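Note that ligands are numbered from 1 as they come in the structure, with each ligand's atoms numbered from 1 the same way. Every value quoted in this text rests on a predicted model; they were computed, and no experiment measured them.
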Amino acid sequence: MARLFDPITINTLRLENRFIMPAWTLALQEKAESLNPRLTHYFLRRARGGVAFIMVGPASLTRWGGGKFEYRLYRTTCSRSSEPRRGHSRLGVPVGLQLHHAGRQANPVLISGMPVAPSAIMCPSDGRSRVH
Ligand SMILES: Cc1cc2nc3c(=O)[nH]c(=O)nc-3n(C[C@H](O)[C@H](O)[C@H](O)COP(=O)(O)O)c2cc1C
């Protein structure tokens, strides 16, 4: 238990303690090409709460990846601009970015199309069959 508060170095990454915030799909990410003010506020509160590392994201690489509640790295403004990196450096703790492709679990409404998956096996979580 006590070690949770001890610093740790993972390869070249030094963390002040062992608490990390995992990736969460946040409605706050809607329309966010990078950090919008509400998302910044949300992450800043977590950083000030003491987590040593924040995994931001998820982030989809294609428009079939996950939908509007994710960072959309395939958008020119998101992938080419240095703003996402500048924005996250303001949080004051190291961040990671979760790359995500929902595959057959992608919601056709959110991605405005049919999911892209490696097979036609239906998604067990929602029972809808998938075309790919
Ligand atoms: C609303 C919500 C959204 C989540 N979104 C993601 C996600 O996008 N990527 C991911 O890897 N995990 C996601 N998770 C899982 C969490 O990151 C975490 O691993 C999970 O809640 C287990 O931690 P816990 O046992 O402390 O709740 C999500 C969880 C919740 C509750």
Side-chain angles (χ1 to χ4, degrees):
M1 176 70 179
R3 300 200 72 184
L4 285 172
F5 297 93
D6 290 348
I8 186 171
T9 300
I10 305 167
N11 202 355
T12 57
L13 180 69
R14 182 187 153 87
L15 302 180
E16 294 307 317
N17 59 53
R18 284 107 192 272
F19 292 92
I20 70 159
M21 180 183 161
W24 252 298
T25 307
L26 298 162
L28 303 175
Q29 272 166 243
E30 188 169 8
K31 299 198 175 102
E33 296 303 326
S34 65
L35 276 182
N36 58 32
R38 289 182 70 202
L39 204 46
T40 305
H41 181 72
Y42 179 89
F43 284 139
L44 273 174
R45 292 286 298 267
R46 268 75 204 161
R48 287 175 189 154
V51 294
F53 180 89
I54 296 176
M55 184 63 82
V56 301
S60 48
L61 298 163
T62 71
R63 76 177 181 83
W64 303 278
K68 64 181 182 175
F69 296 114
E70 303 198 356
Y71 292 113
R72 284 156 289 177
L73 297 183
Y74 54 91
R75 293 226 173 154
T76 316
T77 46
C78 194
S79 58
R80 300 219 179 119
S81 154
S82 59
E83 176 52 30
R85 270 167 287 159
R86 267 206 304 274
H88 289 101
S89 70
R90 285 199 296 267
L91 298 178
V93 294
V95 299
L97 177 70
Q98 183 181 52
L99 303 179
H100 178 236
H101 180 79
R104 64 182 175 171
Q105 288 194 324
N107 183 326
V109 175
L110 292 182
I111 65 172
S112 305
M114 290 310 293
V116 175
S119 76
I121 297 170
M122 79 166 57
C123 180
S125 64
D126 63 14
R128 286 189 291 238
S129 57
R130 299 293 192 238
V131 178
H132 47 278

Taking the six-membered ring of Y42 as reference, does the cationic atom of R45 (NZ for Lys, CZ for Arg) lie under 6.0 Å from its centre and within 45° of its axis?
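R45 over Y42 ring: no.
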For I10, the rest of its hydrophobic cluster, which grows through side-chain links under 4.5 angstrom:
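Other cluster members: I8, L13, L15, I20, F53, M55.
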Minimum-distance protein heavy atom relative to atom 28 (C) of ligand 1:
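Residue, atom and distance for the closest contact: W24 CD1, 3.5 Å.
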Nearest non-hydrogen protein atom, atom 12 (N) of ligand 1
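Sorting protein heavy atoms by distance from atom 12 (N) of ligand 1 puts A23 O, 3.3 Å first.
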Return yes or no for this condition: an N or O of P22 is under 3.5 Å from an N or O of ligand 1.
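Checking ligand 1 against P22, no N or O pair falls under 3.5 Å apart.
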Less than 4.5 Å apart, any side-chain heavy atom of L39 and any of V56?
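When only atoms from C-beta onward are counted, V56 and L39 do not touch, as no gap falls below 4.5 Å.
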Just so I know, are the side chains of S60 and R72 near enough to count as touching, which here means a heavy-atom distance under 4.5 Å?
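Result yes, sub-4.5 Å side-chain heavy-atom pair found.
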Do any N or O atoms from the side chain of H101 and from the backbone of T62 form a donor-acceptor pair under 3.5 angstrom?
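Such a contact is absent between H101 side chain and T62 backbone.
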Between F43 and H88, what is the ring plane arrangement, given parallel below 30°, perpendicular above 60°, and tilted in between?
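Tilted, since the angle between the ring planes falls between 30° and 60°.
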Scan the protein's non-hydrogen atoms and note whether one is under 4.0 Å from [atom].
atom	result
atom 17 (O) of ligand 1	yes
atom 24 (P) of ligand 1	no
atom 2 (C) of ligand 1	yes
atom 5 (N) of ligand 1	yes
atom 20 (C) of ligand 1	no

Side chain, backbone, both or neither: which part of Q98 comes within less than 4.0 Å of ligand 1 when only heavy atoms are counted?
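The side chain, only.
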Pick from T25, L26, I20: the one approaching atom 8 (O) of ligand 1 most closely through a non-hydrogen atom:
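Among T25, L26, I20, the closest heavy atom to atom 8 (O) of ligand 1 belongs to T25.
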Going by salt bridge (Lys or Arg N to Asp or Glu O under 4.0 Å), name the pairs with one or both residues in residues 14-27, residues two or more places apart or in two chains.
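The answer is R14-E16.
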